[in-house]
Amino acid sequence: MRNIRFLSVLDRMLMSDLLKTIISVLTVLVVIVVSRNFIKILKMAVDGLISNEAVVSILGLKIVLASANFIVPAVFVSVLMVLGRMYRDQEMSALSSAGAGVGRLYVAVFKTLIPVVFIAAWMSLVVSPWAASKVEKTIYTEKQNIGVRAIGEGKFSEYNKGNLIFYVEKISADNVMHDVFVQNKRENEVGILTAEKAEVRTINDDLYIIFINGERVQGNAGEVDFIFESFTEYGMRLDSSGGIQVNPISGISTRKLLHTQDLNELSELHHRLSVPFSIIVLAIMAVPLAQVRPRSGVYGNLAAAFLIYFSFANFEKVSNSWMVKGEIPPWLGFWGVYFLAAFFIVILLVRLYGLTWVILQMQGKQA
(Lines give C-alpha, C1' and ligand atoms only; values in the text may rest on other atoms or scores of the structure.)
Protein backbone atom coordinates (compact mmCIF):
# COMPACT_ATOMS: atom_id res chain seq x y z
CA MET A 1 0.00 0.00 0.00
CA ARG A 2 2.96 2.35 0.45
CA ASN A 3 3.57 2.35 -3.30
CA ILE A 4 0.08 3.73 -4.01
CA ARG A 5 0.24 7.49 -3.88
CA PHE A 6 -2.37 9.99 -4.92
CA LEU A 7 0.25 12.63 -5.78
CA SER A 8 3.23 11.71 -7.93
CA VAL A 9 6.41 13.77 -8.30
CA LEU A 10 4.90 15.51 -11.33
CA ASP A 11 1.70 16.28 -9.40
CA ARG A 12 3.60 17.78 -6.46
CA MET A 13 5.85 19.85 -8.73
CA LEU A 14 2.96 21.27 -10.74
CA MET A 15 0.86 21.84 -7.62
CA SER A 16 3.60 23.84 -5.95
CA ASP A 17 4.35 25.98 -9.01
CA LEU A 18 0.70 26.51 -9.96
CA LEU A 19 -0.50 27.52 -6.49
CA LYS A 20 2.39 29.96 -6.01
CA THR A 21 1.77 31.51 -9.43
CA ILE A 22 -2.02 31.72 -8.96
CA ILE A 23 -1.60 33.50 -5.62
CA SER A 24 1.00 35.88 -7.07
CA VAL A 25 -1.00 36.76 -10.20
CA LEU A 26 -4.26 37.13 -8.26
CA THR A 27 -2.54 39.38 -5.70
CA VAL A 28 -1.18 41.65 -8.43
CA LEU A 29 -4.56 41.92 -10.17
CA VAL A 30 -6.42 42.61 -6.93
CA VAL A 31 -3.89 45.23 -5.79
CA ILE A 32 -4.15 47.07 -9.12
CA VAL A 33 -7.95 47.14 -9.11
CA VAL A 34 -8.40 47.85 -5.39
CA SER A 35 -5.78 50.62 -5.49
CA ARG A 36 -7.92 52.52 -7.99
CA ASN A 37 -11.00 52.00 -5.83
CA PHE A 38 -9.07 53.00 -2.71
CA ILE A 39 -8.34 56.44 -4.18
CA LYS A 40 -12.06 56.95 -4.84
CA ILE A 41 -12.94 55.73 -1.33
CA LEU A 42 -10.43 58.11 0.25
CA LYS A 43 -11.82 61.01 -1.78
CA MET A 44 -15.31 60.19 -0.55
CA ALA A 45 -14.05 60.14 3.04
CA VAL A 46 -12.35 63.52 2.55
CA ASP A 47 -15.56 64.94 1.06
CA GLY A 48 -17.54 63.65 4.02
CA LEU A 49 -19.57 61.15 1.97
CA ILE A 50 -18.43 58.22 4.12
CA SER A 51 -16.99 58.03 7.63
CA ASN A 52 -13.39 57.09 8.40
CA GLU A 53 -14.58 53.84 9.99
CA ALA A 54 -16.37 52.82 6.79
CA VAL A 55 -13.21 53.22 4.67
CA VAL A 56 -11.55 50.06 6.03
CA SER A 57 -14.79 48.08 5.89
CA ILE A 58 -15.56 49.00 2.27
CA LEU A 59 -11.92 48.44 1.25
CA GLY A 60 -11.91 44.94 2.74
CA LEU A 61 -15.17 44.05 1.01
CA LYS A 62 -13.83 45.40 -2.30
CA ILE A 63 -10.80 43.08 -1.94
CA VAL A 64 -13.16 40.11 -1.52
CA LEU A 65 -15.20 41.13 -4.59
CA ALA A 66 -12.08 41.70 -6.70
CA SER A 67 -10.67 38.30 -5.70
CA ALA A 68 -13.86 36.57 -6.81
CA ASN A 69 -13.93 38.49 -10.10
CA PHE A 70 -10.28 37.96 -11.08
CA ILE A 71 -9.63 34.39 -10.01
CA VAL A 72 -10.54 33.15 -13.52
CA PRO A 73 -7.87 35.15 -15.43
CA ALA A 74 -5.39 34.46 -12.61
CA VAL A 75 -5.77 30.69 -13.05
CA PHE A 76 -5.64 30.92 -16.85
CA VAL A 77 -2.46 33.02 -16.88
CA SER A 78 -0.84 30.87 -14.19
CA VAL A 79 -1.32 27.63 -16.13
CA LEU A 80 0.14 29.29 -19.23
CA MET A 81 3.15 30.64 -17.34
CA VAL A 82 3.99 27.42 -15.48
CA LEU A 83 3.60 25.11 -18.48
CA GLY A 84 5.29 27.61 -20.79
CA ARG A 85 8.35 27.64 -18.52
CA MET A 86 8.41 23.84 -18.52
CA TYR A 87 8.34 23.80 -22.33
CA ARG A 88 11.11 26.40 -22.51
CA ASP A 89 13.32 24.47 -20.09
CA GLN A 90 12.60 21.26 -22.05
CA GLU A 91 11.09 19.63 -18.98
CA MET A 92 8.18 18.55 -21.15
CA SER A 93 10.54 16.69 -23.44
CA ALA A 94 11.93 14.81 -20.44
CA LEU A 95 8.42 14.01 -19.19
CA SER A 96 7.35 12.84 -22.66
CA SER A 97 10.36 10.52 -22.92
CA ALA A 98 9.39 9.09 -19.52
CA GLY A 99 5.91 8.26 -20.81
CA ALA A 100 4.00 11.26 -19.40
CA GLY A 101 1.90 12.51 -22.30
CA VAL A 102 -0.68 15.24 -22.63
CA GLY A 103 -3.34 13.18 -20.86
CA ARG A 104 -1.08 12.75 -17.82
CA LEU A 105 -0.38 16.47 -17.88
CA TYR A 106 -4.10 17.25 -17.76
CA VAL A 107 -4.47 14.93 -14.76
CA ALA A 108 -1.65 16.69 -12.91
CA VAL A 109 -3.05 20.15 -13.68
CA PHE A 110 -6.59 19.32 -12.56
CA LYS A 111 -5.45 17.66 -9.34
CA THR A 112 -4.38 21.18 -8.40
CA LEU A 113 -7.26 23.07 -9.98
CA ILE A 114 -10.21 21.00 -8.71
CA PRO A 115 -9.87 22.44 -5.15
CA VAL A 116 -9.39 25.88 -6.71
CA VAL A 117 -12.63 25.41 -8.71
CA PHE A 118 -14.58 24.61 -5.53
CA ILE A 119 -13.09 27.61 -3.73
CA ALA A 120 -13.90 29.86 -6.68
CA ALA A 121 -17.47 28.53 -6.83
CA TRP A 122 -17.91 29.20 -3.09
CA MET A 123 -16.54 32.72 -3.47
CA SER A 124 -18.71 33.48 -6.51
CA LEU A 125 -21.96 31.92 -5.28
CA VAL A 126 -21.77 32.68 -1.54
CA VAL A 127 -19.04 35.11 -0.51
CA SER A 128 -19.36 37.61 -3.36
CA PRO A 129 -23.14 38.21 -2.91
CA TRP A 130 -22.59 38.55 0.83
CA ALA A 131 -19.81 41.12 0.29
CA ALA A 132 -21.90 43.05 -2.24
CA SER A 133 -24.84 43.09 0.20
CA LYS A 134 -22.58 44.33 3.00
CA VAL A 135 -21.25 47.12 0.77
CA GLU A 136 -24.81 48.11 -0.10
CA LYS A 137 -25.86 48.16 3.58
CA THR A 138 -22.75 50.12 4.58
CA ILE A 139 -23.37 52.71 1.88
CA TYR A 140 -27.03 52.98 2.91
CA THR A 141 -26.01 53.56 6.54
CA GLU A 142 -23.42 56.11 5.51
CA LYS A 143 -25.96 57.84 3.29
CA GLN A 144 -28.33 58.12 6.24
CA ASN A 145 -25.65 59.91 8.25
CA ILE A 146 -24.06 61.94 5.46
CA GLY A 147 -25.76 65.18 6.48
CA VAL A 148 -24.88 64.80 10.15
CA ARG A 149 -21.18 64.25 9.36
CA ALA A 150 -21.09 67.51 7.40
CA ILE A 151 -22.63 69.42 10.33
CA GLY A 152 -20.77 70.05 13.57
CA GLU A 153 -22.11 71.04 16.96
CA GLY A 154 -21.81 74.67 17.92
CA LYS A 155 -20.40 75.93 14.61
CA PHE A 156 -21.51 77.03 11.16
CA SER A 157 -21.18 74.34 8.46
CA GLU A 158 -21.58 74.67 4.70
CA TYR A 159 -23.32 72.12 2.48
CA ASN A 160 -24.44 71.82 -1.17
CA LYS A 161 -21.52 73.97 -2.38
CA GLY A 162 -22.29 76.76 0.06
CA ASN A 163 -25.98 77.03 -0.76
CA LEU A 164 -26.87 75.64 2.67
CA ILE A 165 -25.37 76.99 5.89
CA PHE A 166 -26.22 75.14 9.10
CA TYR A 167 -25.83 75.93 12.74
CA VAL A 168 -26.72 73.18 15.23
CA GLU A 169 -26.60 73.66 18.95
CA LYS A 170 -26.47 69.93 19.79
CA ILE A 171 -26.47 66.51 18.04
CA SER A 172 -27.74 63.65 20.18
CA ALA A 173 -26.46 60.07 20.10
CA ASP A 174 -29.29 59.01 17.75
CA ASN A 175 -28.11 61.66 15.19
CA VAL A 176 -31.01 64.00 15.87
CA MET A 177 -30.05 67.71 15.63
CA HIS A 178 -31.46 70.15 18.19
CA ASP A 179 -31.95 73.97 17.96
CA VAL A 180 -31.22 74.25 14.25
CA PHE A 181 -30.58 77.41 12.19
CA VAL A 182 -30.36 77.19 8.37
CA GLN A 183 -29.68 79.70 5.61
CA ASN A 184 -30.78 78.33 2.24
CA LYS A 185 -29.99 79.99 -1.12
CA ARG A 186 -32.31 79.19 -4.02
CA GLU A 187 -31.55 81.03 -7.25
CA ASN A 188 -31.98 84.72 -6.33
CA GLU A 189 -33.79 84.20 -3.02
CA VAL A 190 -32.44 83.57 0.46
CA GLY A 191 -34.37 81.63 3.09
CA ILE A 192 -33.89 81.52 6.87
CA LEU A 193 -35.18 78.53 8.78
CA THR A 194 -35.18 77.70 12.48
CA ALA A 195 -36.43 74.48 14.05
CA GLU A 196 -36.49 72.71 17.38
CA LYS A 197 -34.86 69.62 15.87
CA ALA A 198 -34.02 67.94 12.56
CA GLU A 199 -33.00 64.52 11.27
CA VAL A 200 -31.72 62.96 8.03
CA ARG A 201 -34.04 60.63 6.09
CA THR A 202 -33.84 58.78 2.78
CA ILE A 203 -36.98 59.18 0.63
CA ASN A 204 -37.15 57.48 -2.79
CA ASP A 205 -33.35 57.03 -2.78
CA ASP A 206 -32.85 60.80 -2.24
CA LEU A 207 -31.43 62.33 0.92
CA TYR A 208 -33.50 64.86 2.88
CA ILE A 209 -33.16 66.77 6.13
CA ILE A 210 -36.55 66.88 7.88
CA PHE A 211 -37.02 69.87 10.20
CA ILE A 212 -39.54 69.53 13.00
CA ASN A 213 -41.49 72.34 14.73
CA GLY A 214 -40.03 75.52 13.27
CA GLU A 215 -40.46 78.67 11.22
CA ARG A 216 -39.27 79.72 7.76
CA VAL A 217 -38.71 83.11 6.13
CA GLN A 218 -38.14 83.37 2.35
CA GLY A 219 -37.21 86.54 0.43
CA ASN A 220 -34.48 89.08 -0.32
CA ALA A 221 -33.17 91.83 1.92
CA GLY A 222 -34.56 95.28 1.01
CA GLU A 223 -37.73 93.90 -0.57
CA VAL A 224 -41.22 93.72 0.86
CA ASP A 225 -42.23 90.42 -0.75
CA PHE A 226 -41.44 87.92 2.00
CA ILE A 227 -42.91 84.54 2.90
CA PHE A 228 -43.46 83.77 6.61
CA GLU A 229 -44.65 80.33 7.67
CA SER A 230 -44.65 77.94 10.59
CA PHE A 231 -44.46 74.19 10.13
CA THR A 232 -44.62 70.93 11.97
CA GLU A 233 -42.39 69.16 9.42
CA TYR A 234 -40.43 70.65 6.54
CA GLY A 235 -38.15 68.69 4.15
CA MET A 236 -35.04 69.96 2.39
CA ARG A 237 -33.30 67.81 -0.25
CA LEU A 238 -29.53 67.35 0.01
CA ASP A 239 -27.26 66.84 -2.98
CA SER A 240 -25.63 63.42 -2.51
CA SER A 241 -24.77 62.72 -6.16
CA GLY A 242 -21.15 62.00 -5.29
CA GLY A 243 -21.97 58.73 -3.53
CA ILE A 244 -20.93 55.22 -4.47
CA GLN A 245 -22.97 53.46 -7.12
CA VAL A 246 -24.14 49.98 -6.09
CA ASN A 247 -25.81 47.33 -8.20
CA PRO A 248 -28.59 45.97 -5.95
CA ILE A 249 -28.87 42.72 -7.95
CA SER A 250 -25.29 41.76 -7.06
CA GLY A 251 -26.29 41.55 -3.38
CA ILE A 252 -29.15 39.09 -3.92
CA SER A 253 -28.41 35.63 -2.57
CA THR A 254 -27.79 32.83 -5.08
CA ARG A 255 -30.60 30.76 -3.55
CA LYS A 256 -33.13 33.44 -4.50
CA LEU A 257 -31.68 33.82 -7.98
CA LEU A 258 -32.13 30.09 -8.65
CA HIS A 259 -35.93 30.57 -8.56
CA THR A 260 -36.13 33.86 -10.46
CA GLN A 261 -37.66 34.46 -13.89
CA ASP A 262 -36.35 38.01 -14.25
CA LEU A 263 -33.82 38.20 -17.10
CA ASN A 264 -31.57 40.72 -15.33
CA GLU A 265 -31.38 38.49 -12.28
CA LEU A 266 -30.76 35.46 -14.50
CA SER A 267 -27.85 37.35 -16.03
CA GLU A 268 -26.37 37.85 -12.56
CA LEU A 269 -26.88 34.13 -11.80
CA HIS A 270 -25.13 33.18 -15.06
CA HIS A 271 -22.24 35.49 -14.16
CA ARG A 272 -21.76 33.72 -10.82
CA LEU A 273 -22.06 30.23 -12.30
CA SER A 274 -19.61 31.12 -15.06
CA VAL A 275 -16.68 31.43 -12.63
CA PRO A 276 -16.11 27.68 -11.94
CA PHE A 277 -17.10 26.69 -15.49
CA SER A 278 -14.73 29.25 -16.98
CA ILE A 279 -11.82 28.01 -14.88
CA ILE A 280 -12.35 24.45 -16.14
CA VAL A 281 -12.78 25.44 -19.81
CA LEU A 282 -9.87 27.89 -19.87
CA ALA A 283 -7.57 25.44 -18.04
CA ILE A 284 -8.32 22.80 -20.70
CA MET A 285 -7.59 25.42 -23.34
CA ALA A 286 -4.39 26.62 -21.61
CA VAL A 287 -2.56 23.27 -21.79
CA PRO A 288 -2.19 23.19 -25.60
CA LEU A 289 -1.80 26.99 -25.73
CA ALA A 290 1.19 26.78 -23.41
CA GLN A 291 3.16 24.63 -25.87
CA VAL A 292 6.02 26.82 -27.12
CA ARG A 293 9.28 26.29 -28.89
CA PRO A 294 12.36 25.87 -26.66
CA ARG A 295 13.87 29.25 -27.65
CA SER A 296 10.67 31.30 -27.82
CA GLY A 297 10.72 32.28 -24.12
CA VAL A 298 8.43 31.71 -21.18
CA TYR A 299 5.73 33.99 -22.56
CA GLY A 300 5.78 32.64 -26.10
CA ASN A 301 1.97 32.31 -26.53
CA LEU A 302 0.90 34.68 -23.76
CA ALA A 303 -0.16 37.50 -26.12
CA ALA A 304 -2.40 35.15 -28.13
CA ALA A 305 -3.74 33.68 -24.89
CA PHE A 306 -4.70 37.14 -23.60
CA LEU A 307 -6.54 37.83 -26.85
CA ILE A 308 -8.39 34.52 -26.52
CA TYR A 309 -9.33 35.24 -22.90
CA PHE A 310 -10.65 38.74 -23.60
CA SER A 311 -12.62 37.40 -26.58
CA PHE A 312 -14.06 34.68 -24.34
CA ALA A 313 -14.98 37.15 -21.57
CA ASN A 314 -16.47 39.70 -23.98
CA PHE A 315 -18.57 37.10 -25.79
CA GLU A 316 -19.83 35.95 -22.40
CA LYS A 317 -20.99 39.51 -21.64
CA VAL A 318 -22.50 39.94 -25.11
CA SER A 319 -24.46 36.68 -24.88
CA ASN A 320 -25.82 37.73 -21.47
CA SER A 321 -26.79 41.09 -22.95
CA TRP A 322 -28.63 39.36 -25.80
CA MET A 323 -30.38 37.14 -23.28
CA VAL A 324 -31.54 40.15 -21.21
CA LYS A 325 -32.90 41.81 -24.37
CA GLY A 326 -34.79 38.59 -25.22
CA GLU A 327 -32.90 37.98 -28.47
CA ILE A 328 -31.71 34.50 -27.41
CA PRO A 329 -33.10 31.98 -24.89
CA PRO A 330 -31.54 31.87 -21.38
CA TRP A 331 -29.92 28.43 -21.89
CA LEU A 332 -28.09 29.66 -24.99
CA GLY A 333 -27.06 32.85 -23.19
CA PHE A 334 -25.19 30.71 -20.68
CA TRP A 335 -24.00 27.69 -22.65
CA GLY A 336 -23.32 29.36 -26.00
CA VAL A 337 -19.85 30.62 -25.08
CA TYR A 338 -18.88 27.17 -23.76
CA PHE A 339 -20.01 25.47 -26.96
CA LEU A 340 -17.75 27.80 -28.93
CA ALA A 341 -14.90 27.26 -26.46
CA ALA A 342 -15.25 23.46 -26.75
CA PHE A 343 -15.17 23.73 -30.54
CA PHE A 344 -12.04 25.88 -30.36
CA ILE A 345 -10.36 23.44 -27.95
CA VAL A 346 -10.99 20.53 -30.34
CA ILE A 347 -9.50 22.54 -33.23
CA LEU A 348 -6.49 23.44 -31.09
CA LEU A 349 -5.88 19.83 -30.04
CA VAL A 350 -6.28 18.56 -33.60
CA ARG A 351 -3.81 21.16 -34.84
CA LEU A 352 -1.19 20.26 -32.23
CA TYR A 353 -1.62 16.48 -31.79
CA GLY A 354 -3.54 15.33 -34.84
CA LEU A 355 -7.07 14.10 -35.44
CA THR A 356 -6.19 10.47 -34.68
CA TRP A 357 -4.91 11.36 -31.21
CA VAL A 358 -8.06 13.35 -30.42
CA ILE A 359 -10.36 10.54 -31.57
CA LEU A 360 -8.44 7.97 -29.53
CA GLN A 361 -8.58 10.18 -26.44
CA MET A 362 -12.32 10.70 -26.87
CA GLN A 363 -12.72 6.91 -27.09
CA GLY A 364 -10.68 6.46 -23.92
CA LYS A 365 -7.76 4.78 -25.68
CA GLN A 366 -4.07 5.59 -25.51
CA ALA A 367 -2.41 6.82 -28.67
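As the structure is a prediction and not an experimental result, all values here were calculated from the model.
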Greater than 12 external heavy atoms within 6.0 Å of F118's CZ: no

Just wondering, do L269 and L258 contact through their side chains at under 4.5 Å, heavy atoms? yes

Using the rule that two of Ile, Leu, Val, Met, Phe, Trp, Tyr join whenever any of their side-chain heavy atoms come within less than 4.5 Å, decide whether V190 and Y234 are in one cluster. no

Between I212 and E233, what is the shortest heavy-atom contact and its length? CG1-CG, 4.3 Å

Please find the pair of heavy atoms, one from L65 and one from A132, that lie closest to each other, and give the distance. CD2-N, 3.9 Å

Of all heavy-atom pairs linking Y106 and A283, the shortest is CE2-O, 4.4 Å

Does any non-hydrogen side-chain atom of L29 lie less than 4.5 Å from one of V25? yes

Under a 4.5 Å cut-off applied to non-hydrogen side-chain atoms, are I165 and V182 in contact? no

Reported CZ-to-CG distance for the pair F166 and L193, which is rounded to 0.5 angstrom: 9.0 Å

Beyond-backbone contact of I63 with S67, side-chain heavy atoms, under 4.5 angstrom: yes

Evaluation steps, side chain to side chain contact (heavy atoms under 4.5 Å, CB included), between I71 and V275: CA-CA 8 Å; I71 192 169; V275 172; 4.0 Å; yes

In terms of hydrophobic clustering (I, L, V, M, F, W, Y; side-chain heavy atoms under 4.5 Å; direct or indirect links), are W122 and L125 co-clustered? yes

Measuring only between side-chain heavy atoms, which start at C-beta, is L266 closer than 4.5 Å to L257? no

I192 and F181: side chain to side chain contact (heavy atoms under 4.5 Å, CB included), yes or no, with the steps? CA-CA 7 Å; I192 302 296; F181 168 87; 3.4 Å; yes

V75 vs L113, test: side chain to side chain contact (heavy atoms under 4.5 Å, CB included). Steps then yes/no. CA-CA 8 Å; V75 171; L113 293 188; 3.8 Å; yes

Identify the heavy atoms of T112 and L14 that sit nearest to each other, and give their distance. OG1-C, 4.3 Å

Would you call L289 and L80 a side-chain contact if the rule is heavy atoms closer than 4.5 Å? yes

Minimum side-chain heavy-atom gap L18-V79 below 4.5 Å: yes

Under the side chain to side chain contact (heavy atoms under 4.5 Å, CB included) test against V72, which residue among Y309, F312, F277 passes? Y309

Nearest-0.5 Å distance, CD1 of residue I209 to CZ of residue F211: 5.0 Å

Within the 3.5 Å criterion, strictly below it, is a donor on R272 or S128 matched to an acceptor on the partner's side chain? no

Roughly how far apart are K170 NZ and K197 NZ, rounded to 0.5 Å? 12.0 Å

Measure the CD1-CE distance between I210 and M177 for me, rounded to the nearest 0.5 Å. 10.0 Å

Establish whether I279 and V107 are linked, either directly or via other cluster members, by ILVMFWY side-chain heavy-atom contacts under 4.5 Å. no

Nearest 0.5 Å please: distance from the OG atom of S57 over to the NZ atom of K134. 6.5 Å

Main-chain N/O of D17 paired with T21 side-chain donor or acceptor, under 3.5 Å: yes

With side chain to side chain contact (heavy atoms under 4.5 Å, CB included) as the criterion, how do E215 and F228 come out once you've worked through the C-alpha distance, each side chain's angles and the decisive distance to 0.1 Å? CA-CA 8 Å; E215 297 178 344; F228 296 86; over 6 Å; no

Interatomic spacing from OG in S124 to CD1 in I119 - rounded to 0.5 Å: 13.5 Å

Co-membership, hydrophobic cluster, residues M13 and I23, 4.5 Å side-chain: no

Table please: side-chain donor-acceptor pairs of residues 321-345 below 3.5 Å, with sequence neighbours left out.
residue, atom, partner, partner atom, Å
Y338, OH, S274, O, 3.4
Y338, OH, S278, OG, 3.3
Y338, OH, E316, OE2, 3.3

Any side-chain heavy atom of E169 within less than 4.5 Å of one from H178? no

What one should report as the nearest heavy-atom pair of R255 and H259 is O-CD2, 3.2 Å

hydrophobic_cluster_shared for L59 and V31, side chain cutoff 4.5 Å: no

